[in-house]
Amino acid sequence: MKSSFSLLVASLLLVSCSDNRPLAEASFDVIPCPQTVEPTADGGQYIIDKNTVIHYSPETPDMERNAHFLQEYAQDILGYEIPVKAGLGDGGINLQLLSGDEASEAYELTTSATAVKLTATAPAGIFYGIQTLRKALPLQQDVRVSLPAVHISDAPRFGYRGAHLDCCRHFWPLDSVKTYIDMLALHNINRFHWHLTDDQGWRIEIKKYPGLTEIGSRRSGTMIEKQWGSNDSIPVEGFYTQEEAREIVRYAAERYIEVIPEIEMPGHMQGALAAYPQLGCTGGPYDVLTQWGISDDVLCMGNPDVVPFCKDILDEVLDIFPSRLIHIGGDECPKVRWEKCPKCQAKIKELGLTKDTEKHYSGWEGYVQYTPEQKLQSWFTRQIDEYLTQKGRQAIGWDEILEGGVSENAVVMSWRGIDGGIEAARLGHDVVMVPTSYFYLDYCQRKDTSHEPLSIGGYVPIEKVYSFNPLPEALTPDEQQHIIGVQANVWTEYIASFNHVQYMLLPRAAALAEVQWSQPEHRDYAAFRQRLDHMVELYQLYGWRVSMQYVEEPAVLDEP
Ligand code: TNX
């Protein structure tokens, strides 16, 4: 009797330790493609089953959080919980922080019959290794998972891997911004460029100037589709309190994403002018714009209160955002008011600004002689640049900041093609490449737009995003060192729902991720296309909207 009882206990124990669920295969054909994935000699694959534990070491908050991210991803994908334990183990999944370069984003991942070993010298590297594991898992619930025996050694190609979101033309609540950050994290993106101020809405609380949000964050309506002069009369409002912005900074940092705030100056400022009309050349009154496009009304350069106003705003911004780079806009600043404004003209005289005799790069217009007004903008930007430098930060601006002479320390974001980036790199400035024709994700994905949501126009299918070469051949290898990375922008004039944001981002973000992360020798659209199916299924698992252009209307690209 006794022995049959112990037999029963023993067999019950056995049942509880063995896991008879079906076995599904993982695949390391993930996006972005890692640097090297080599099969290991012993051929022993690792099986994730109910005995698997996630171990982590050392017991730092970052590593504990990383372990829980992996647990959460596995739960989402496989439908069961893998326990997490502090301290390394002999077997199971081990997340191990090694001593070494704490700024490195590299990781190594080795699987064997008894263990999965993920090592890095910084928690960020562990996080990217976890993303790779996550994307390798089969999208099947309640299965054991067989991980192929491999050694992966991986690191990003570029240090700046960005994505931008315009929260001014349409306002996105905090939860949507967090989901956006979740989407970036899945793509190993590490910079979130948060476009917070514009003509159509000021979206960040500045305590010294409450009018910026009390008045500047509200517009009375929005033009209907592309009918200029129309107004749907539906009020649009919303802003982030400083506390909420800090919450986003924290949320992003936990995912190894730095938030780079953008405060536009001296143009795209009509939201601010609506509240503080004395800072414009005409004195107003100004409304928060209800139309898209570029306002002629910009900050008055002859008004001595303008630079202190901008510095005060930046003081509060710096307090919220710890990023080294602070985006100060600088784009699309018409000069028509300055040309007529007595105060601006007096300033030009005082500064002795004259039209240049030489020709310089000037965006869409090619090479032109800089005007005194362009130099006036440059005089303004220089002061802001110096101020940020004094505070231990660095200004980044759109490529218009080159016009009239770029200030000493600024980083240039090249959006009007890559020429601004080339020019800036030659001048010794760091550059982020964001050319419209590859990375403006507000542009349409299909040629046949009959079933597409209304968009600003353009044509940027996923194949085009994928085809970008970030290092122009026109630059010498030394100059190429100044290209610190690549970014995509999501401007939201014609994007009024967060589902639509997702649709514009996905799956083009997958192509972006390979441009940013993967080595050029691995860039092969056909192979990427194979990897993409799994990625899209993962998007769908999370309930994110995806464009099917890549299946339904594959693009044939013209020769570059
Ligand atoms: C240009 S990119 C702009 C934005 C618009 C965008 C629309 C840039 C620096 N300025 O204000 O939203 O085009 O694609």
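When a ligand or atom number is given, it counts from 1 through the structure's own listing order.
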*Asks:* Please state which protein non-hydrogen atom is closest to atom 3 (C) of ligand 1 and give its distance, to 0.1 Å?
*Replies:* Glu332 OE1, 3.4 Å

*Asks:* Tell me, please: is Glu400 in heavy-atom contact with ligand 1, that is, under 4.0 Å?
*Replies:* no

*Asks:* A cation-pi test, strictly: NZ or CZ of Arg529 under 6.0 Å from the centre of the six-membered ring of Tyr525 and no more than 45 degrees from its axis. Yes or no?
*Replies:* no

*Asks:* Checking Lys464 against Tyr438: charged group under 6.0 Å from the ring centre and within 45 degrees of the axis?
*Replies:* yes

*Asks:* Counting only heavy atoms, tell me which of Tyr440, Trp398, Tyr443 gets closest to atom 2 (S) of ligand 1.
*Replies:* Tyr440

*Asks:* Examine the side chains of Gln480 and Asp478 and answer whether a donor and an acceptor come within less than 3.5 Å of each other.
*Replies:* no

*Asks:* Starting from atom 11 (O) of ligand 1, find the nearest protein heavy-atom neighbour and note its residue, name and distance.
*Replies:* Arg169 NH2, 3.0 Å

*Asks:* With a 3.5 Å cut-off and no angle check, do the side chains of Trp398 and Glu262 form a donor-acceptor pair?
*Replies:* yes

*Asks:* Are any of the N/O atoms on Glu493, whether in the backbone or the side chain, positioned under 3.5 angstrom from an N/O atom of ligand 1?
*Replies:* yes

*Asks:* Suppose I only count heavy atoms of Ile456 and a 4.0 Å limit; which atoms of ligand 1 are within that range?
*Replies:* 7 (C), 14 (O)

*Asks:* For ligand 1, which atoms have a heavy atom of His268 less than 4.0 angstrom away?
*Replies:* 11 (O)

*Asks:* Looking only at side chains, do His195 and Asp198 share a donor and an acceptor under 3.5 Å apart?
*Replies:* yes

*Asks:* What distance do Thr389 atom OG1 and Gln394 atom CD have between them, rounded to the nearest 0.5 Å?
*Replies:* 7.0 Å

*Asks:* To check your reading of the model: name the closest protein heavy atom to atom 9 (C) of ligand 1, its residue, and the distance in Å.
*Replies:* Asp331 OD2, 2.9 Å

*Asks:* Provide the number and element of each atom of ligand 1 under 4.0 Å from a heavy atom of Asp442.
*Replies:* 7 (C), 14 (O)

*Asks:* Within a 6.0 Å radius of atom CD on Glu358, are there more than 12 heavy atoms belonging to other residues, nucleotides or ligands?
*Replies:* no

